[in-house]
Amino acid sequence: MDVTVSGRKMPVSDSLKAYAEDKIGGTVEQLDVDAIACEIVLYREKNPANPNPAICEVTVIMKGHVARVEESEQDMFAAIDVAAAKISRQLRKFKTRVKDKRRKKTEEAMAQMEAGAKADAELDLDKLMEELSDEGEIVRRKQITYTPCTEDEALVKMDLLGHDFFIYTDRDSGEVHVLYRRSDGGYGLLTPHPEA
């Protein structure tokens, strides 16, 4: 993991830099969250009315996630201590809620699949869906009718509706297809394929 310590409109002494790297960088490495980089920015507020002018910003970049903390205290060392404690709490929460939960569900699904193959039993999809719904719940349900049309007609309808996806029945095959807008600007088409 790459740890960078910089000052915004202020010089950072070697002792302050070493303290920030040790306190914050060491905490992030110890939590083992597969962090790519840790950026620490130190600066002071110029407002004399501010009782806590020393500010420490911490940004931890992970694969697919970013954790960020900004803390202010009277002293820069105290701001580093508080920021280290806060980023530690955030990363611990991330690790237990997200990473461990996903790993556990993957292991459970694999164990069920192996048991199903050995005992020639089917995978309990209802149980898996129930477990997945624990993470988030469906906030809206909507019934739709599949419109028989061609790919070109579906593209036009999707653009007119302003949606990122469109479900339709293919006029030629009679199968349900899903047309979706890709993040790179193109389109994708999901078609049914029988399981082997």
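Residue numbers start at 1 and run along the sequence shown. The figures here come from the full heavy-atom set of this structure, side chains too, leaving out hydrogens, waters and symmetry mates.
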K.L.:
Might you point out which heavy atoms bring Cys38 and Val60 nearest each other, and give the distance in Å?
P.N.:
SG-CG2, 4.2 Å
K.L.:
Nearest 0.5 Å, please: how far is CZ in Arg68 from NZ in Lys86?
P.N.:
10.5 Å
K.L.:
Counting only pairs under 3.5 Å, give me each side-chain donor-acceptor contact of residues 42-51, with atom names and distances, residues two or more places apart or in other chains.
P.N.:
residue, atom, partner, partner atom, Å
Tyr43, OH, Glu57, OE2, 3.1
Asn47, OD1, Ala49, N, 3.0
Asn50, OD1, Asn52, N, 3.0
Asn50, ND2, Asn52, O, 3.4

K.L.:
Could you tell me which residues satisfy side chain to side chain contact (heavy atoms under 4.5 Å, CB included) with Lys23, sequence neighbours excluded, listed by chain and number?
P.N.:
Tyr19, Ile80, Asp81, Ala84
K.L.:
Roughly how far, to the nearest 0.5 Å, is the CZ atom of Arg89 from the OG1 atom of Thr27?
P.N.:
11.5 Å
K.L.:
Under the criterion side chain to side chain contact (heavy atoms under 4.5 Å, CB included), I'd like the reasoning laid out for Leu179 against Glu151: C-alpha separation, chi angles, the key distance, then a yes or no.
P.N.:
CA-CA 8 Å; Leu179 182 68; Glu151 286 180 21; over 6 Å; no
K.L.:
Could you tell me which non-hydrogen atom of Pro192 sits nearest to which non-hydrogen atom of His177, and how far apart they are?
P.N.:
CD-CD2, 3.6 Å
K.L.:
Could you state whether Tyr180 and Val176 fall into the same hydrophobic cluster, counting links through intermediate Ile, Leu, Val, Met, Phe, Trp or Tyr residues with side-chain heavy atoms under 4.5 angstrom apart?
P.N.:
yes
K.L.:
For Ser6 and Val12, work out which heavy atoms get closest and say how close.
P.N.:
C-CG2, 3.8 Å
K.L.:
Within this structure, what is the NZ-OG1 distance for the pair Lys17 and Thr4, rounded to the nearest 0.5 Å?
P.N.:
8.5 Å
K.L.:
Distance only, no hydrogens: is a donor on one side chain within 3.5 Å (strictly under) of an acceptor on the other, for Tyr187 and Arg181?
P.N.:
yes
K.L.:
Do you know the tightest heavy-atom contact between Tyr168 and Leu189?
P.N.:
OH-CD1, 3.5 Å
K.L.:
Determine, stepwise, if the pair Ile55 / Arg8 fulfils side chain to side chain contact (heavy atoms under 4.5 Å, CB included).
P.N.:
CA-CA 10 Å; Ile55 299 173; Arg8 188 178 298 155; over 6 Å; no
K.L.:
Around atom CD of Glu175, are there more than 12 heavy atoms from other residues, nucleotides or ligands closer than 6.0 Å?
P.N.:
yes
K.L.:
Is there a chain of hydrophobic side chains (I, L, V, M, F, W, Y, each step under 4.5 Å between heavy atoms) that links Leu190 to Phe165?
P.N.:
yes
K.L.:
Out of curiosity, Ile87 CD1 to Arg92 CZ, how far, rounded to the nearest 0.5 Å?
P.N.:
11.5 Å
K.L.:
So do Cys56 and Ile40 actually touch side chain to side chain, heavy atoms under 4.5 Å?
P.N.:
yes
K.L.:
Under the side chain to side chain contact (heavy atoms under 4.5 Å, CB included) test, which residues partner Glu29, sequence neighbours left out?
P.N.:
Met1
K.L.:
Could you state whether Phe77 and Met10 fall into the same hydrophobic cluster, counting links through intermediate Ile, Leu, Val, Met, Phe, Trp or Tyr residues with side-chain heavy atoms under 4.5 angstrom apart?
P.N.:
yes
K.L.:
Which heavy atom of Gln90 sits nearest to which heavy atom of Ala67, and what is that distance?
P.N.:
OE1-CB, 3.9 Å
K.L.:
Mind checking the OG1-CD spacing from Thr59 to Glu70? Nearest 0.5 Å is all I need.
P.N.:
9.5 Å
K.L.:
Is it true that Val41 and Val82 fall in one hydrophobic cluster, defined by side-chain heavy atoms closer than 4.5 Å?
P.N.:
no
K.L.:
In this structure, would Ile61 and Val69 fall into the same cluster of hydrophobic residues linked by side-chain contacts under 4.5 Å?
P.N.:
no
K.L.:
To the closest 0.5 Å, what do you measure between CG (Asp34) and CE (Met62)?
P.N.:
9.5 Å
K.L.:
Which atom names give the shortest non-hydrogen contact between Val28 and Ala35, and what distance separates them?
P.N.:
CG1-CB, 3.8 Å
